[in-house]
Amino acid sequence: MASASATSLCRFQPFQNQPTKTSGLVTRTSSSLQLVSNGWAKTGFSSLRTSRLQICCAAKPETVQKVVEIVRKQLALPPESEVTPDSKFASLGADSLDTVEIVMGLEEEFDISVEEESSQNISTVQEAADLIEKLVEKKAAA
C-alpha cells in the first residue's frame, strides 16, 4: 500500500512580486501573500489534486498586538483575560454592536476605511489584523 505526505511552508516576503522556482515547487509571491503548488499532484495521487494549493497570509505581530489592545479597550476586558489571535469576538462577549465599535476603533487607529461587507467577515483578532494589513498596503500603493 502506498502512502504520501506533504508539508507546505510559507515565509513572509514583503514587497516581492517576482515568481521563483525551487526544487519542484512553483511559487508566486504578491506582497505577503504566497501561493504554493506541488507539481507532482498532477500525476498520480488523484486525491491530492484539489488540495495542491495553499495560501498563507499573516499580519505583522505589532498589528495583531494593536488589534488585541483595541479589542480589550472596546470590550472593557481586564488585563489578565487571555486574548489571542484566534480569539473570536463573540467568545470574548462581543455582540454585533461591539463588533461595529471594534471596527470603528481599528479604522481610527490605522487611518483606514473598512467596507461594510468586509467588516461582516471579521470574527477573530487574526482576521481583523489580516484585513488591516491588506487595507494599509492597498492605501500605501494608491
Would you name the heavy atoms of Glu109 and Lys66 that are closest together and state the gap between them? OE2-CE, 2.9 Å

Mind listing the closest non-hydrogen atom pair of Ala129 and Thr63 along with its distance? O-CG2, 3.9 Å

According to a hydrophobic-cluster definition based on side-chain heavy atoms being under 4.5 Å apart (Ile, Leu, Val, Met, Phe, Trp, Tyr only), do Val100 and Leu106 belong together? no

Could you measure the distance from the NZ atom of Lys139 to the CD1 atom of Ile132? Nearest 0.5 Å is fine. 12.5 Å

Main-chain N/O of Val114 paired to Glu107 side chain as donor or acceptor, under 3.5 Å: yes

Could you walk me through whether Leu75 and Ile102 pass the side-chain contact (heavy atoms from CB on, under 4.5 Å) test, one step at a time? CA-CA 8 Å; Leu75 299 178; Ile102 289 169; 4.3 Å; yes

Ignoring hydrogens and geometry beyond distance, is a side-chain donor-acceptor pair present between Ser87 and Thr84 at under 3.5 Å? yes

Here the gap from Glu115 atom CD to Leu131 atom CG, rounded to the nearest 0.5 Å, amounts to 10.0 Å

Identify the heavy atoms of Ile70 and Gly105 that sit nearest to each other, and give their distance. CD1-O, 4.0 Å

Heavy-atom closest pair (Thr99 atom, Ala94 atom, distance to 0.1 Å) is OG1-CB, 4.2 Å

Of all heavy-atom pairs between Ala128 and Val67, which one has the smallest distance, and what is that distance? CB-CG1, 4.0 Å

Quick one about Gln126 and Asp130 (side-chain donor to acceptor, distance below 3.5 Å, no hydrogens or angles considered), yes or no? yes

Whether over 12 other heavy atoms sit under 6.0 Å from Glu108 CD: no

Please assess Asp98 against Phe89 for the test side-chain contact (heavy atoms from CB on, under 4.5 Å), listing each intermediate value before the final yes or no. CA-CA 9 Å; Asp98 291 324; Phe89 298 151; over 6 Å; no

Run the side-chain contact (heavy atoms from CB on, under 4.5 Å) check on Leu92 and Val83 step by step: do they pass? CA-CA 8 Å; Leu92 296 172; Val83 181; 4.1 Å; yes

Lys134: what forms a salt bridge (charged side-chain N to carboxylate O under 4.0 Å, His left out) with it, not counting sequence neighbours? none

Rounded to the nearest 0.5 angstrom, the CD-CD1 distance for Glu137 and Ile112 is 12.5 Å

Determine yes or no for a side-chain-to-main-chain donor-acceptor pair under 3.5 angstrom, with Glu127 supplying the side chain and Ser123 the backbone. yes

Start with the C-alpha gap between Arg72 and Glu69, add the side-chain angles, then the distance that decides, and say whether salt bridge (charged side-chain N to carboxylate O under 4.0 Å, His left out) holds. CA-CA 5 Å; Arg72 279 188 194 282; Glu69 291 170 13; over 6 Å; no

